[in-house]
Amino acid sequence: MSLLEMQGITKRFHGVTALDDVNLAVQAGEIHAVVGENGAGKSTLMKVLSGVYPHGEYEGAIHFEGSERRFGGIHDSEQAGIIIIHQELALVPLLSIAENIFLGNEPTVPGTFGAVIDWFGAFARTQELLRKVGLNERPSTLITDIGVGKQQLVEIAKALSKEVKLLILDEPTASLNETDSDALLELLLGLKAQGIACILISHKLNEIAKVADTITVIRDGSTVRSFDCRQQTISEDQVIQAMVGREMADRYPKRTPQIGETVFEIARWQVHHPEHADRLLIKGVDLHARRGEIVGIAGLMGAGRTELAMSVFGRSYGRGISGEVRLHGQVVDVSTIEKAIDNGIAYVTEDRKGYGLVLDDDIQHNVTLANLAGVSSAAVIDDGREFRVATEYREKLRIRCSSVFQPVVNLSGGNQQKVVLAKWLFANPEVLILDEPTRGIDVGAKFEIYTLMAELAAAGKCVVMISSEMPELLGMCDRIYVMNEGRFVGEFTGAEASQEKIMRSIVTAGAA
Ligand SMILES: Nc1ncnc2c1ncn2[C@@H]1O[C@H](COP(=O)(O)OP(=O)(O)OP(=O)(O)O)[C@@H](O)[C@H]1O
Ligand SMILES: [Mg+2]
């Protein structure tokens, strides 16, 4: 008998069917991967399971440990031992690790005027949990002071503070580097050895291959099939084909780069930390990109790549900035975001929630936001034109939505990312800087994004891509800079670059 059986789950949002008769069976103590394209319904299915959408708001039945469950809310599913870690982490940045772990679940001791929170106990217990997940931080450390990789571990520690039988992780490694991802996967294997089952949602099929016992594929809100990885070796291609419903011959578009003169230059760029003025974060970077060229920036998390891009783009990061930005040989003013955009520079942020989107507004308005002139006549926005532009990008990027009037807040994670991208593509910049553009994007849509990058380059623009996915840098870039601790420590042409060479230049720079 299965630990969990979800039978015939159907979920609708005002007429949109997100899940249509989905079945999922998870065995005790297994790692069960759920994969599918952006908007396929993975997160929605997990929200049904965990009571975020309570019984009565979906059709079908959930059986857990042999009996039917009708969760009225997330508290009920937690009581049953089902713990979910959502796609967007939910920790409170200005509270400590211990406070986050016991938030709403604080241990108490009797006091003079009734029960009081037992912080001593909570800290001791936190210490123990942190040891279990292999996180070397103090319980009093604030969440804001640790990176996303560690935050993910805090979420798991929090799950372990409750009695967990089934742990659900929705894209836990999307913003982690390889080392942090591997540590997390190891931890899951450790939990499995203790009999804790796990549902893992991820777009990184290589990671899934490392840990999954079973893979269930969801397409367009329905279960397509399940693979048993213990019985046979399952290839990535088999999974991809089930996900996208067709065979994908190539992962990267074919290009014949036509590289021209230098268009974009960053010279002697220095940036200090926004709060600690004495800390130099970008230490004299020189970068150039030529007409028609796709330039990559590789590096580990924390190397300073995002800080570099943001400080150039309207000085949206850092202070005490010095150096020059040149376009076609002329120094340009990039001191505000408006000036940077006017000068033809665009930056697609890695953090779509924080900087990229107006969440309450619809897709159409978000797409045209950075180029209102492009949809206006005589300074009046032409609604028809705006609709046509948004519809064009919806089709080009295959944004999964009911209409372009849908608020972006309701889109799946990957589809929100596509809207951010559409906004900057429509702004038609001379230089497009992309920061982790395919994070959380499914394999099919990645190909579409790469194709658009290739089209921009072919149209004579420069594209600068920051990425932690080495294969995509190697697959797309004509030249790759390697960044480490605020400096460029290596530069390779696309032809000579390899994963090993890039890693080696990071390691040797660190040792020097
Ligand atoms: N609150 C909501 N209102 C309306 N539609 C919604 C809502 N939540 C989800 N949807 C729709 O349901 C579908 C499934 O979304 P879901 O977030 O489950 O996808 P996903 O498989 O997790 O995708 P991703 O890989 O991008 O995270 C999408 O088309 C989405 O727009
Ligand atoms: Mg999702």
Side-chain angles (χ1 to χ4, degrees), residues 9-20 22 34-50 52-53 57-58 84-90 168 170-172 174-175 201-203 218-222 243-244 348-371 386-427 434-449 452:
I9 305 292
T10 296
K11 170 74 189 157
R12 295 188 186 88
F13 297 102
H14 333 279
V16 180
T17 307
L19 297 173
D20 184 10
V22 171
V34 174
V35 300
E37 291 184 292
N38 297 128
K42 304 177 295 293
S43 297
T44 304
L45 185 66
M46 293 307 121
K47 287 179 186 165
V48 166
L49 173 56
S50 56
V52 173
Y53 301 132
E57 290 189 12
Y58 60 87
I84 183 165
I85 300 178
H86 288 283
Q87 194 162 1
E88 317 287 346
L89 292 184
I168 305 168
D170 196 348
E171 297 196 41
S175 39
I201 297 178
S202 176
H203 291 291
I218 296 181
R219 187 166 79 226
D220 292 337
S222 303
M243 274 172 65
V244 301
V348 180
T349 160
E350 61 171 342
D351 177 1
R352 57 180 170 259
K353 278 265 155 86
Y355 304 97
L357 292 171
V358 184
L359 285 173
D360 294 336
D361 211 341
D362 62 18
I363 296 173
Q364 164 174 283
H365 290 140
N366 272 285
V367 168
T368 56
L369 200 62
N371 182 11
E386 191 170 39
F387 176 77
R388 281 194 298 281
V389 165
T391 305
E392 182 192 325
Y393 280 100
R394 172 193 179 177
E395 281 159 16
K396 256 194 187 166
L397 288 169
R398 297 206 297 145
I399 297 171
R400 206 190 133 111
C401 54
S402 48
S403 82
V404 294
F405 305 117
Q406 194 176 342
V408 292
V409 68
N410 288 339
L411 294 181
S412 78
N415 283 297
Q416 288 183 355
Q417 178 71 356
K418 292 188 203 173
V419 174
V420 178
L421 211 62
K423 163 176 151 184
W424 292 111
L425 290 171
F426 178 59
L434 300 161
D435 199 345
E436 305 286 357
T438 65
R439 173 180 292 173
I441 297 274
D442 69 58
V443 272
K446 271 185 186 166
F447 187 82
E448 282 138 30
I449 289 172
L452 285 165

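Side-chain atoms of Val419 and Leu411, non-hydrogen and from C-beta on, do get closer than 4.5 Å to each other. In this structure, Val404 and Asp362 have side chains that are not in contact, with every pair of non-hydrogen atoms separated by 4.5 Å or more. Residues Leu49 and Ile84 fail the side-chain proximity criterion, which asks for heavy atoms closer than 4.5 Å. When side chains are defined from C-beta on, Thr438 does not count as touching Glu436, because their heavy atoms never get closer than 4.5 Å. When side chains are defined from C-beta on, His203 does not count as touching Arg439, because their heavy atoms never get closer than 4.5 Å. Counting only heavy atoms from C-beta outward, the side chains of Asp435 and Val348 never approach each other to under 4.5 Å. Ile218 is not listed as a side-chain neighbour of Val35, based on a closest heavy-atom distance of 4.5 Å or more. Arg394 places a side-chain heavy atom less than 4.5 Å from the side chain of Cys401.
Salt bridge annotation for Lys396-Glu392: present, with a cationic side-chain nitrogen under 4.0 angstrom from a carboxylate oxygen.
For the pair Lys418 (side chain) and Arg398 (backbone), a donor-acceptor distance under 3.5 Å is present. Remark: the backbone N or O of Gly221 is not paired with any side-chain donor or acceptor of Asp20 at under 3.5 angstrom. Distance alone, capped at 3.5 Å, is enough to place a donor-acceptor pair between the Gln416 side chain and the Val408 backbone. When atom types are taken as modelled, the side chain of Glu57 and the backbone of Tyr53 share no donor-acceptor pair closer than 3.5 angstrom. Between the side chain of Arg400 and the backbone N or O of Gly39, at least one donor-acceptor pair lies under 3.5 Å. One N or O on the side chain of Asn366 and one on the backbone of Val358 form a donor-acceptor pair closer than 3.5 Å.
Val367 pairs with exactly one of Ile363, Leu369, Asn371 by the side-chain contact (heavy atoms from CB on, under 4.5 Å) rule, that one being Ile363.
The two residues Ile449 and Pro437 have their closest heavy-atom pair at CD1-O, 4.1 Å. Between Lys42 and Val34 the shortest heavy-atom distance is CD-O, 3.9 Å. Across all their heavy atoms, Asn38 and Ala445 have their closest contact at OD1-CB, 4.1 Å. Taking every heavy atom of both residues into account, Ala18 and Thr44 meet most closely at CB-CG2, 4.2 Å.
Ile399 contributes atom CD1, which lies 10.5 Å from atom OH of Tyr393 (distance to the nearest 0.5 angstrom). One finds the CD atom of Glu37 at 6.0 Å from the CE atom of Met243 (value rounded to the nearest 0.5 Å). Lys47 contributes atom NZ, which lies 12.0 Å from atom CD1 of Ile168 (distance to the nearest 0.5 angstrom). Between atom CG of residue Asp360 and atom NE2 of residue His365 there is a gap of 13.0 Å, rounded to the nearest 0.5 Å. Residue Leu434 holds its CG atom at 7.5 Å from CG of Leu425, rounded to the nearest 0.5 Å. Distance check: Lys11 NZ to Leu45 CG gives 12.0 Å after rounding to the nearest 0.5 Å.
In this pair, Phe387 and Phe405 present their aromatic rings parallel. The plane angle is below 30°, not in the 30 to 60° band.
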Worksheet entry | Pair Val52-His86, side-chain contact (heavy atoms from CB on, under 4.5 Å): steps then yes or no | CA-CA 11 Å; Val52 173; His86 288 283; 4.0 Å; yes
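Both the sub-6.0 Å distance and the 45° axial angle are not jointly satisfied by Lys423 relative to the ring of Phe426.
Qualifying ring-ring contact (aromatic ring centres under 6.0 Å, His included) partners for Tyr58, counting only residues two or more places apart in sequence or in other chains: His55.
With no hydrogens or angles considered, no side-chain donor-acceptor pair links Glu171 and Ser202 at under 3.5 Å.
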